[in-house]
Amino acid sequence: MRRIERARTKSPEDRQKFAAWLRTRLVELGYDLSTPRAGGQADFARAAGISHPVISRTLRGTNSPTPDVLEAMAPVLKVPLRELLVRAGILTEDELPNGSWPPAGERPTPERLAAMAGIHDAGLVQQFVTFVAGLRAQQAQKELEQGTTHKV
């Protein structure tokens, strides 16, 4: 997904509307949000690879989730990222790109893949990037030996 540079100013009402939708969706999926100590928020945060405070602030409507946070939430919520981007007010239906991500011919960066996997610590991201570079070198060597080339 191309980085969304422009952030909309969301009103408190917009944030509350998204928070209400998110609460409803989490309950539908079986997360217990009945009390702060019920564990539903923490369980969802763990499943999505997002910090618990980010989820808590989003559910209270005090913060709007970033596109990266929405991207991590989407598979756990079983909702397409496109829908979350619109519900959160990041993009309108008209602004959504056509097609799939990544765009044809583009390969996501290792840093992007790390973020999608919930890896945010700078040291761990660097380890991930190094690991991916090693795997890509091994793949290139195998392809060279076999006389094949695969482009992603």
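Since the structure is predicted, the reported quantities are computational estimates derived from the model, not experimental observations.
With salt bridges taken as basic N to acidic carboxylate O contacts below 4.0 Å, one links Arg46 and Asp43.
A donor-acceptor contact under 3.5 angstrom links the side chains of Ser34 and Asp32, judged on distance only. The closest side-chain donor-acceptor pair between Arg60 and Ser56 falls under 3.5 angstrom.
Rounding to the nearest 0.5 angstrom, the gap separating the OG1 atom in Thr35 from the CD atom in Gln41 is 9.5 Å. For the atom pair Arg25 CZ and Phe18 CZ, the distance stands at 12.0 Å (nearest 0.5 Å). Interatomic distance, Thr58 OG1 to Ile50 CD1, rounded to the nearest 0.5 Å: 8.0 Å.
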| request: Check step by step if salt bridge (charged side-chain N to carboxylate O under 4.0 Å, His left out) holds for Glu83 and Arg87. | output: CA-CA 6 Å; Glu83 180 179 338; Arg87 285 187 180 278; 2.7 Å; yes
| field | Verdict with supporting geometry, Phe44 and Leu77, side chain to side chain contact (heavy atoms under 4.5 Å, CB included) | value | CA-CA 9 Å; Phe44 175 64; Leu77 292 172; 3.8 Å; yes
| message | Is there a side chain to side chain contact (heavy atoms under 4.5 Å, CB included) between Leu26 and Leu59? Walk through the geometry before answering. | response | CA-CA 10 Å; Leu26 289 173; Leu59 286 168; 4.1 Å; yes
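Between Leu33 and Gly40, the shortest heavy-atom contact is CD2-C, 3.9 Å. Closest non-hydrogen pair, Arg15 versus Gly61, comes out as NE-O, 3.1 Å.
A donor-acceptor pair under 3.5 Å links the side-chain atoms of Thr62 to the main chain of Arg57, judged by distance alone.
Using a 4.5 Å heavy-atom threshold, the side chains of Val86 and Thr92 count as separate. Side-chain contact between Glu28 and Thr24: present, with at least one pair of heavy atoms (C-beta onward) separated by less than 4.5 Å. Taking 4.5 Å as the limit, some side-chain heavy atom of Val132 sits within range of a side-chain heavy atom of Phe128.
A continuous path of ILVMFWY side-chain contacts below 4.5 Å connects Trp21 to Met73, so both sit in one hydrophobic cluster.
The only member of Gln141, Arg136, Glu143 that meets side chain to side chain donor-acceptor pair (under 3.5 Å) when paired with Gln139 is Glu143.
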